[in-house]
Amino acid sequence: MSGRDTAGDEVAELLDRLTKPDDLENGERKRLLTRLGAALARGARAAGENGVGRGRWLAEIFLSVAPRIPIRDLATLSEHHHGLTGEALADELTRVATKATMAVGAVGGALVTAQFATPPLLVSTPALLVAETIVVASIEVKLIAELHEVYGIAVQGGVPQRALAFTAAWSRQRGIDPLAPGSITLALGTAAKTALRNRLMRTFGRHLTTLGPFLTGAVAGAALNRAATRKLASAVRADLRRQRGLPPA
């Protein structure tokens, strides 16, 4: 049995709880991130990987859980956000996603800093960084998919195909143009998987900067995630506005 098979169900369950739009208490988020890091470490060992920071294994894990990221349709999104539509709804989705990645960065940075300061626990630090990376990627893929709902850009295909398309969009940090030749089928190719691996490793590398004394890891983690999620949302929304012939923000 592969590490992906071993870890997939537990990782998907933990990601579902960590990416829900409802607020989590920091203590609960800390507990779930710690469990996720442990599950990823076990999966890496089962897969025969030397470490959880390996890009190919990380991409395989993410591809296995991406189809399980819950994506709300437009009616549900509007209902969950007090009837908002259009740009106001897109603003709110961006705000909620940014708040979520900031919270993950703050809690993850604090956890990593605490473990980095305790040498016997240093071995578990990479697993926590990978956990933070996968949670942030999941939140942002969910944001991209739901922004497509808001702007009325339909991405065809079954759940796995759409999940791959939105994951590929996250790798490129752009929106999807369903009319572009091969926009969906290209998401299944080797180049898309390489791009995903590279994007995940860049995100992992960004989280390495949370290693620092005292609370600097928490501050850095929150600030870096906030900036990255806002930048992503801005790029995707600009693409989707252009496709719909809407004026730029």
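With no hydrogens or angles considered, no side-chain donor-acceptor pair links T94 and D91 at under 3.5 Å. For the residue pair E140 and T101, no side-chain donor N or O sits within less than 3.5 Å of a side-chain acceptor on the partner. Side-chain contact annotation: Y151 with E146, donor-acceptor N/O pair under 3.5 Å absent.
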Apply side-chain contact (heavy atoms from CB on, under 4.5 Å) to R68 and D16, showing your working.
-> CA-CA 8 Å; R68 308 188 214 187; D16 181 60; over 6 Å; no
Take R42 and E10 through the salt bridge (charged side-chain N to carboxylate O under 4.0 Å, His left out) test and state the conclusion after the steps.
-> CA-CA 11 Å; R42 288 194 299 273; E10 184 177 6; 2.8 Å; yes
List the steps, then state whether side-chain contact (heavy atoms from CB on, under 4.5 Å) holds for D177 with D239.
-> CA-CA 8 Å; D177 181 357; D239 283 346; over 6 Å; no
Given the rule in the side-chain contact (heavy atoms from CB on, under 4.5 Å) test, do L32 and L24 qualify, once you have shown the distances and angles that lead to the verdict?
-> CA-CA 10 Å; L32 293 172; L24 281 174; 4.0 Å; yes
Criterion side-chain contact (heavy atoms from CB on, under 4.5 Å) on I134 and L58, from CA distance to verdict = CA-CA 8 Å; I134 288 185; L58 181 55; 3.5 Å; yes
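Interatomic distance, I153 CD1 to I176 CD1, rounded to the nearest 0.5 Å: 10.0 Å. To the nearest 0.5 Å, atoms NZ (K20) and CG (L15) are separated by 11.5 Å. Residue L196 holds its CG atom at 9.5 Å from CG of L164, rounded to the nearest 0.5 Å. Distance check, rounded to the nearest 0.5 Å: CD1 of I69 to CD1 of I71 gives 6.0 Å. From L36, atom CG reaches atom CD of E13 across 11.0 Å, with rounding to the nearest 0.5 Å. The CG atom of N198 sits 8.5 Å away from the OG atom of S171 when rounded to the nearest 0.5 Å.
Scanning both residues, R244 and G152, for their nearest heavy atoms gives NH1-CA, 3.8 Å. The two residues P178 and A154 come nearest to each other via the heavy atoms CG-O, 3.1 Å. Nearest heavy atom pair, residue A100 against residue I139, reads CB-CD1, 3.8 Å. Counting all heavy atoms, side chain and backbone alike, A66 lies closest to T167 at CB-OG1, 3.6 Å. The shortest non-hydrogen separation linking S138 to T19 is CB-CG2, 3.7 Å. Shown here for A137 and L200, the closest heavy-atom pair between the two residues is CB-CD2, 4.1 Å.
At least one side-chain heavy atom of R29 sits under 4.5 Å from a side-chain heavy atom of L18. By the 4.5 Å heavy-atom criterion applied to side chains, Q243 and L179 are not counted as neighbours. In this structure, H81 and V96 have side chains that are in contact, with non-hydrogen atoms separated by less than 4.5 Å. L232 has its side chain within reach of W170: a pair of non-hydrogen atoms, C-beta onward, lies under 4.5 Å apart. The shortest distance between side-chain heavy atoms of E87 and V150 does not fall below 4.5 Å. For the pair H148/F166, a side-chain contact is recorded, criterion being any heavy-atom separation below 4.5 Å from C-beta on. Counting heavy atoms from C-beta outward, Q156 and Q161 have side chains that stay 4.5 Å or more apart. In this structure, the side chains of T133 and F62 stay at 4.5 Å or more apart for every pair of heavy atoms.
Distance alone, capped at 3.5 Å, places no donor-acceptor pair between the S78 side chain and the T85 backbone. Looking at S234, its side chain never comes within 3.5 Å of a backbone N or O of R230 through a donor-acceptor pair.
Contacts of T194 classified as side-chain hydrogen bond (donor to acceptor under 3.5 Å, both in side chains), with partners at least two apart in sequence or in another chain: none. Under the side-chain hydrogen bond (donor to acceptor under 3.5 Å, both in side chains) criterion, R226 pairs with no residue, sequence neighbours left out.
One hydrophobic cluster holds both L246 and L77 under the rule that ILVMFWY side chains link at heavy-atom gaps under 4.5 Å.
Of the listed residues (R162, R72, K142), just one forms a salt bridge (charged side-chain N to carboxylate O under 4.0 Å, His left out) with E149, and that residue is R162.
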